[in-house]
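A short write-up of the structure that comes next.
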Amino acid sequence: MPLDLRYPDGKVVSHPDGTTGREVAQSIGPGLARAAVAVEIDGHLRDLDLPISESGDFSVITLDSDHGLDILRHSSAHVLAQAVLDLYPGSTFAIGPPIEDGFYYDFEVSEPFTPDDLDRIEQRMAEIISEDQPFVRVAMSRDEALEAFSDHKFKVEIIENVDPSEVSGGEEVTAYRNNGFVDLCRGPHLPSTGRIPTVKLLRTSGAYWRGDENREQLQRIYGTAWQSNKDLEAYLQRLEEAEKRDHRRLGPELDLYSFPAELGSGLAVWHPKGGQLRKIIEDHSRAVHERYGFDFVFSPHLAKSELWKTSGHLDFYAESMYPGMELDNDQEYRVKPMNCPFHVLIYKSQGRSYRDLPMRLGELGGVYRYEMSGVVHGLLRARGFTQDDSHTFCTEDQLEGELHLHLDFVLKWLKDFGFTDFEADLSTKPEEKYVGEDARWEVSEKYLQQALDAVGVPYRIAEGEGAFYGPKIDMHVRDAIGRRWQCSTIQLDFNLPERFGLEYTAAGNVGERPYMIHCAKAGSLERFIGVLVEHYAGAFPMWLSPVQVSIVPVADRHEEYADAVAGRLRDAGLRAEVDLSSETVGDKIRRALTHKHPAVIVVGDDDVANSTVGLRLYGEDTDTRGVPLIEATNQLVESSKPPSA
RNA sequence: GCCGGAGUAGCUCAGUGGUAGAGCAAUCGCCUCGUAAGUGAUAGGCCAGGGGUUCGACUCCCCUCUCCGGCUCCA
């Protein structure tokens, strides 16, 4: 029976049964056949030289596509493993998948790899690639595979874990062979090693087998592969760009904050300019919270351990908490890792009626979490940080509206900071560890989903990834160079109302349990500011910039006028600085630009005579001379307006 | 917490067992200048901290702290 293959353009073409993908590509065009690395039939990727035996939607995969790059990187990982097993007798290999922008492979070796090892391995890979070894697909039974890989314990474990019921037609597993090297693999692969245009090893690290910290720690090598050197260069440049934006570098450079070693890991101090930035953000946070009907509350940094016992934190969260301190009469106190129990106590401070609800309590609450020493990462993962936290107590009837309001708030907040690309995770009930009745989970998940649908944010369902106390929405943003960051979170909580016995009196004069919504809009202010620094590459929009205008007098005799200009700008509410150093104009401008000040004003003889300024805006190479001071002030005031609350 | 790498002036980095170096920044002069680095001088260091080896340690070894790349975890 002939094969009927439907090409991407919709044309259906018949081929004899058993035609290979390469032959089909050849029949379409020799250029395509040369570029082809695999084919796709009804959504299944297949090796180029495998005979095709079923009809369906057909397309040729080239290195232009994501699938093509995945295959390239997967094959590169094989070559990496081949090189390592060659060079390090006695080593064995675990898994080596393609990942975003590259691939890795995990090995067990007697000595961890060094940077020199990477060079050696890369050289060996280059040899394998230049030998153009064909990748040959080998099908074998499970028993044969167990035999073939008997020297490689991780492969054996993988084969043993293949569910026989999932493998149709007699427990077949596949492997790929090139030269003497065989790796267990579903495929497909490039036709041969010579089809790898460019590959580069990047770094090594430790990695637990199966991601389980109780199991063997393997040595991982990360690499990247592209269809051309140009693409590789572009990728390396992207990495460099990301490095330039690193908030750990830019923060101290712009004098925003620092991490003095004397304080300890994960603890930052905010310098005056960073403090200014933070204050602007906090003020905006308060204004928007009030606009959305939140009341501000305050709570202390410590509380008796008894409180954390009641809240469940000592049962579920103790390993992230700092140890207790014994105070009067052996009373133990704990530093807070979260603000929720305090807000619960505020709710509980008096009897509540349905008329009091919804009750929305907000706080910029400083919390401390004992993070494992290896995970601390600048402001993005600190041990002390401030949450723009809130807890909303409401009835079931109000739940839908409240979730919508919170989601609206979160999106408004993120948009205010220039984020436009959002993706949410909707995390649902965990399989085992959870509290609360199923009915509450169902209704909450439903409302969370409805809220997401209503505002039209793309989301994926993270099955079973909810907190033990309730389902949640985590909002991610994409920054200016496409990286994804988690900021906001909206979480339902069935646990605390239960544990603290929260009630309100319903219309029928009966006690009901309120629902509780935790919400952080920025998440942690520290992390959020870290993300902003990277997003804006330190060049903040004017409303956020700690210094908005740098004023540069051309010569000493213009300093008085420069001061007068600064005074006028400050009167208009702008943050302006005069550069009084005895440097050249060029040098002073350079300083303002390297500090990423949004506007530079230069004043000289003409300006003194005519009440004008020279104006230059960040990001523009040109300047405008002779702008009347009033006009410049108005223009700057206009462009430094903060978003409305 | 685990695996690997690193810590020298405020910053970026040289310095392979024999008294510590550069550029930028800083300070003080000179220059008075119209859009990305004018010029001279000065000052600045318990070479992360502690222990050890050695006649002698920034250099070699051990421990601790901090940072970096990952794993695990997470706002």
Side-chain angles (χ1 to χ4, degrees), chain A residues 104 106 109 111-115 117-118 202-222 243 246 248-249 252-253 255 258-267 317 319-320 337-338 367 369-383 385-389 467 472 474-475 485-489 491 518 520-528 530-531 550 552-559 581-595 600-607 613-617 620-626:
Chain A
Y104 67 80
D106 286 346
V109 284
E111 292 287 318
F113 297 115
T114 66
D117 288 326
L118 284 194
L202 297 174
R203 55 177 107 69
T204 62
S205 79
Y208 298 109
W209 169 233
R210 297 255 143 116
D212 183 344
E213 60 184 325
N214 298 313
R215 302 216 44 189
E216 295 90 331
Q217 183 151 36
L218 307 174
Q219 291 298 313
R220 176 171 298 179
I221 297 179
Y222 284 94
E243 209 177 305
D246 193 320
R248 292 166 303 181
R249 170 205 290 249
E253 247 171 57
D255 199 18
S258 58
F259 304 90
E262 292 87 335
L263 293 185
S265 183
L267 302 169
Y317 206 73
E319 63 185 28
S320 296
M338 295 187 192
V367 296
R369 297 185 185 172
Y370 177 74
E371 298 289 351
M372 287 194 295
S373 63
V375 308
V376 168
H377 184 93
L379 291 178
L380 300 183
R381 193 78 181 272
R383 283 180 169 170
F385 58 97
T386 312
Q387 291 182 305
D388 58 339
D389 208 0
K472 61 175 180 175
D474 289 324
M475 191 63 69
W485 306 94
Q486 191 196 327
C487 296
S488 329
T489 182
Q491 313 186 344
H518 304 242
K521 298 87 210 167
S524 127
L525 290 183
E526 282 78 0
R527 168 182 283 182
F528 191 66
V531 171
S550 260
V552 173
V554 171
D556 291 357
R557 64 179 178 278
H558 308 120
E559 282 177 11
S581 63
S582 72
E583 288 299 337
T584 57
V585 173
D587 187 75
K588 286 188 269 198
I589 289 181
R590 178 171 179 274
R591 284 194 219 199
L593 292 176
T594 50
H595 287 101
V600 183
I601 277 179
V602 179
V603 291
D605 288 334
D606 296 346
D607 298 300
V613 299
L615 184 60
R616 171 179 181 137
L617 299 176
E620 294 178 11
D621 292 338
T622 55
D623 58 283
T624 316
R625 306 258 175 110

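The analysis underlying the following values was restricted to heavy atoms, covering all of them including side chains, and did not include hydrogens, waters or symmetry mates.
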Partner lookup for B:G7, please. Criteria are Watson-Crick or G-U wobble with both distances under 3.5 angstrom; report none if nothing qualifies.
B:C65

Gap between atoms CG and C1', on A:D212 and B:C3 respectively (whole Å):
16 Å

Assigned partner base of B:U53, Watson-Crick or wobble definition, under 3.5 Å
none

Check for me: is A:F113 stacked on B:G4 by the 5.5 Å centroid and 30° plane-angle rule?
no

Considering every strand and a 4.0 Å limit on heavy-atom distances, what is the contact class for A:R203: base, sugar-phosphate, or nothing?
sugar-phosphate

Give a yes or no on whether a salt bridge exists between A:D605 and A:R557, defined as a side-chain N under 4.0 angstrom from a carboxylate O.
yes

Donor-acceptor pair present, A:E371 side chain and B:A75 base, under 3.5 Å:
yes

In whole angstroms, the gap separating C1' of B:G1 from CZ of A:R381 amounts to 12 Å

Complementary nucleotide for B:C47 - Watson-Crick or wobble, under 3.5 Å:
none

Determine the interatomic distance between C1' on B:A20 and the same-named atom on B:U16; round to the nearest Å.
15 Å

Name the nucleic acid region contacted by A:Y370, choosing base, sugar-phosphate or nothing; use a 4.0 angstrom heavy-atom cut-off, strictly under.
sugar-phosphate

Counting the atoms with a prime plus P, OP1 and OP2 as sugar-phosphate, which does A:H558 contact under 4.0 Å by heavy atoms, base, sugar-phosphate, or nothing?
nothing

Is it the case that the side chain of A:R383 and the backbone of A:L267 share a donor-acceptor pair, with hydrogens and angles ignored and the cut-off at 3.5 Å?
no

When the nearest nucleotide of RNA chain B is assigned to A:Y222 and to A:S488 on a heavy-atom basis, which residue is associated with the more 5' position?
A:Y222

Partner nucleotide, any strand, of B:A26 [Watson-Crick/G-U, under 3.5 Å]
B:U42

What does A:D587 touch in the nucleic acid at a heavy-atom separation under 4.0 angstrom: a base, only the sugar-phosphate, or nothing?
sugar-phosphate

When both distances are under 3.5 Å in a Watson-Crick or G-U wobble arrangement, the nucleotide paired with B:U35 is none

Would A:R203 pass as a cation-pi partner of A:Y222, given that its NZ or CZ must be under 6.0 Å from the six-membered ring centre and within 45 degrees of the axis?
yes

Please confirm whether any donor atom in the side chain of A:D623 sits under 3.5 Å from an acceptor in the base of B:G34, or the reverse.
no

Within this structure, what is the CE-to-C1' distance between A:M372 and B:C3, rounded to whole angstrom?
13 Å

Rounded to whole angstrom units, what separation is found between the CZ atom of A:R249 and the P atom of B:C68?
13 Å

For A:R210 and A:F385, find the nucleotide of RNA chain B closest to each by heavy atoms; which residue's nucleotide sits nearer the 5' end?
A:R210

Would you mind reading off the distance between A:E583 atom CD and B:U32 atom P, rounded to a whole angstrom?
14 Å

Side-chain (A:R527) to main-chain (A:L380) donor-acceptor, under 3.5 angstrom:
yes

Got a salt bridge between A:D212 and A:R210, using NZ or NE/NH1/NH2 to carboxylate O under 4.0 Å?
no

Mind checking A:E526 for me? I need base, sugar-phosphate or nothing, with any heavy atom below 4.0 Å counting as a touch.
nothing

Is there a Watson-Crick or G-U wobble partner for B:C73 with both distances under 3.5 Å, and which nucleotide is it?
none

So, does A:S258 use its side chain to make a donor-acceptor pair with the main chain of A:P260 at under 3.5 Å?
no

For B:G21, the nucleotide meeting Watson-Crick or G-U wobble distances (both under 3.5 Å) is B:C13

